[in-house]
Number of protein chains: 2
Amino acid sequence: MLKITRKVEYALIALSQMQMKRHTALTSVKEISTQNDIPYEILAKTMQLLARADIVEAVKGPRGGYRLIIDPSQIKMTTFFEIIEGPMGFMDCSFDSDCEQIQSCAIRTPIQRINDSIRDMFNNISLQDITRLS
Amino acid sequence: MLKITRKVEYALIALSQMQMKRHTALTSVKEISTQNDIPYEILAKTMQLLARADIVEAVKGPRGGYRLIIDPSQIKMTTFFEIIEGPMGFMDCSFDSDCEQIQSCAIRTPIQRINDSIRDMFNNISLQDITRLS
DNA sequence: ATTAATTAGGACTATTTTAGTCGGATTTAA
DNA sequence: TTAAATCCGACTAAAATAGTCCTAATTAAT
């Protein structure tokens with residue numbers, strides 16, 4: 001529980017690495033995957049998610065790759081997680097939405113408190129806070 | 001990702017419910033499981049974990065059950081999670097401990113930052129904060 | 001034009017984690 | 001003695017995550 005996934009890890013590796021370059025420079029999936037020993041296909045798909053979300057820009061063809069096109073300080077970690085993992089699991093109610101016991105359910109508020117705590121925290125942490133060098 | 005597990009949920013349901021009673025009163029697994037439609041066996045095991053950790057006290061035999069024996073404001077949520085889930089997954093490094101790339105690993109610090117953020121937060125939230133009524 | 005390097009993306013399998021079940025043992029109030 | 005409760009290990013099922021495979025589209029370099 002409360003564990004970040006590999007896809008998030010891989011994305012953070014990639015972005016950290018891209019942040020170290022000139023912001024116009026391109027970084028290919030191959031480059032990142034070999035240097036960090038990350039499965040090429042998974043990283044490729046993860047980068048595609050970031051491209052669709054306009055976090056990075058893709059340049060196709062030989063010598064192509066990705067470059068950052070946003071300021072990482074402007075992206076909240078909640079947003080980042082959602083780009084990679086889809087709608088945040090921790091905000092879902094664990095019971096089905098047609099749950100019959102909504103009245104007597106003793107857990108709803110406690111779970112909401114936990115979820116709210118996590119979400120509030122990551123709403124106040126930017127991608128920059130996580131990937132910056134120092 | 002970042003989702004709390006059923007076992008944690010069930011434990012919170014149980015504890016919330018116990019907190020509503022006189023603190024000497026006993027609550028059985030059957031009572032909690034039927035009232036909240038929780039699988040009996042799973043809840044039973046979860047309560048056993050809480051008993052081993054001296055969060056609750058078990059009274060065996062007919063009319064037995066569990067009662068809270070600690071002040072929920074004295075238990076940090078990190079501790080609570082560890083009682084139920086074992087050592088916190090989010091503090092583990094995702095790479096094997098014999099990872100050869102520890103020098104070049106670009107992600108170690110970012111992951112630590114996320115883990116530290118989560119841990120710090122839950123070190124500062126008590127069980128009472130989560131299960132209290134108001 | 002052709003080739004090779006790159007991104008794009010769907011379908012699939014494997015692995016790990018989580019959830020749940022089963023069978024029995026121990027304790028103890030009635 | 002019985003029945004209701006906790007205790008506990010071994011097992012199965014389901015879901016989530018991780019990883020693989022294959023093919024298409026784009027484009028710089030030759």
Side-chain angles (χ1 to χ4, degrees), chain A residues 1-11 13-14 18 25-34 36-67 69 81 84-90 92 94-96 107, chain B residues 1-11 13-14 18 25-34 36-67 69 81 84-90 92 94-96 107:
Chain A
M1 74 171 295
L2 302 181
K3 201 160 39 178
I4 67 173
T5 62
R6 291 286 173 91
K7 261 157 64 177
V8 169
E9 265 184 55
Y10 298 158
I13 290 175
M18 291 165 80
L26 291 171
T27 310
S28 72
V29 169
K30 187 178 178 190
E31 181 182 336
I32 301 169
S33 73
T34 56
N36 298 280
D37 201 34
I38 296 172
Y40 178 88
E41 299 293 348
I42 297 185
L43 180 61
K45 279 183 189 167
T46 304
M47 292 310 293
Q48 285 160 28
L49 292 173
L50 295 178
R52 275 182 230 159
D54 295 317
I55 302 289
V56 297
E57 178 185 35
V59 174
K60 291 185 181 179
R63 308 221 180 188
Y66 295 94
R67 67 165 69 95
I69 54 170
F81 289 147
I84 295 183
E85 304 283 343
M88 295 266 254
F90 64 75
D92 299 344
S94 300
F95 297 103
D96 296 324
I107 193 58
Chain B
M1 74 171 296
L2 302 180
K3 201 159 41 178
I4 66 174
T5 62
R6 291 286 174 89
K7 261 156 66 176
V8 169
E9 263 185 56
Y10 297 159
I13 291 176
M18 292 166 82
L26 291 171
T27 310
S28 72
V29 169
K30 187 178 179 189
E31 183 182 335
I32 301 171
S33 73
T34 57
N36 298 280
D37 201 35
I38 296 172
Y40 178 88
E41 299 292 349
I42 296 184
L43 181 60
K45 278 183 190 169
T46 304
M47 292 309 295
Q48 285 160 29
L49 292 173
L50 295 178
R52 274 181 230 161
D54 295 317
I55 302 289
V56 298
E57 176 185 36
V59 174
K60 291 185 179 179
R63 307 225 181 186
Y66 294 94
R67 67 165 70 94
I69 53 169
F81 288 148
I84 296 183
E85 303 283 344
M88 294 266 253
F90 64 75
D92 298 344
S94 299
F95 297 102
D96 297 325
I107 193 59

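Convention: sequence-line order gives letters A, B, ...; per-chain numbering from 1.
- In this structure the side chain of Tyr40(A) never reaches within 4.5 angstrom of the side chain of Lys45(A), judged on heavy atoms.
- With sequence neighbours excluded, no residue forms a side chain to side chain contact (heavy atoms under 4.5 Å, CB included) with Pro62(A).
- Taken to the nearest 0.5 Å, the OH atom of Tyr66(B) stands 9.5 Å off from the NZ atom of Lys60(B).
- The residue from Thr46(A), Asn36(A), Leu43(A) that alone fulfils the side-chain contact (heavy atoms from CB on, under 4.5 Å) condition with Ile13(A) is Asn36(A).
- The CD1-C1' distance, from Ile32(A) to dT6(C), rounds to 13 Å in whole Å.
- If Arg63(B) and Arg63(A) are placed on DNA chain D by their nearest nucleotide, the residue sitting closer to the 5' end is Arg63(B).
- Of all nucleotides in DNA chain D having an atom under 4.0 Å from a heavy atom of chain B, the first and last in 5' to 3' order are dA3(D) to dT17(D).
- Remark: Glu41(A) pairs with no residue by the side-chain hydrogen bond (donor to acceptor under 3.5 Å, both in side chains) rule, at least two apart or across chains.
- For the atom pair CD1 of Ile69(A) and CG of Asp54(A), the computed distance is 5.0 Å after rounding to the nearest 0.5 Å.
- Residues passing the side-chain hydrogen bond (donor to acceptor under 3.5 Å, both in side chains) test with Thr27(A) are Lys21(A), sequence neighbours excluded.
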message: Across nucleotides 13-19 of chain C, 5' to 3', mark each nucleotide with B, S or - according to how protein heavy atoms within less than 4.0 Å reach it.
response: -----SS
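- Within residues 43-53 of chain A, the residues approaching DNA chain C are Lys45(A), Gln48(A), Arg52(A), by heavy-atom distance under 4.0 Å.
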Within the sub-3.5 Å range, which N or O atoms of nucleotides 26-28 of chain C have a protein N or O partner, and how far apart are they?
none

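- Qualifying side-chain hydrogen bond (donor to acceptor under 3.5 Å, both in side chains) partners for Arg52(B), counting only residues two or more places apart in sequence or in other chains: none.
- The line from NZ of Lys7(A) to CG of Leu50(A) is 10.5 Å long, rounded to the nearest 0.5 Å.
- You'll find the side chain of Tyr10(A) stays beyond 4.5 Å of the side chain of Ser33(A), heavy atoms only.
- Rounding to the nearest 0.5 angstrom, the gap separating the CG atom in Leu26(A) from the CE atom in Met18(A) is 8.0 Å.
- When the salt bridge (Lys or Arg N to Asp or Glu O under 4.0 Å) test is applied to Arg67(B), the partners found at least two apart in sequence or on another chain are Glu57(B).
- With sequence neighbours left out, Ser28(A) forms a side-chain hydrogen bond (donor to acceptor under 3.5 Å, both in side chains) with no residue at all.
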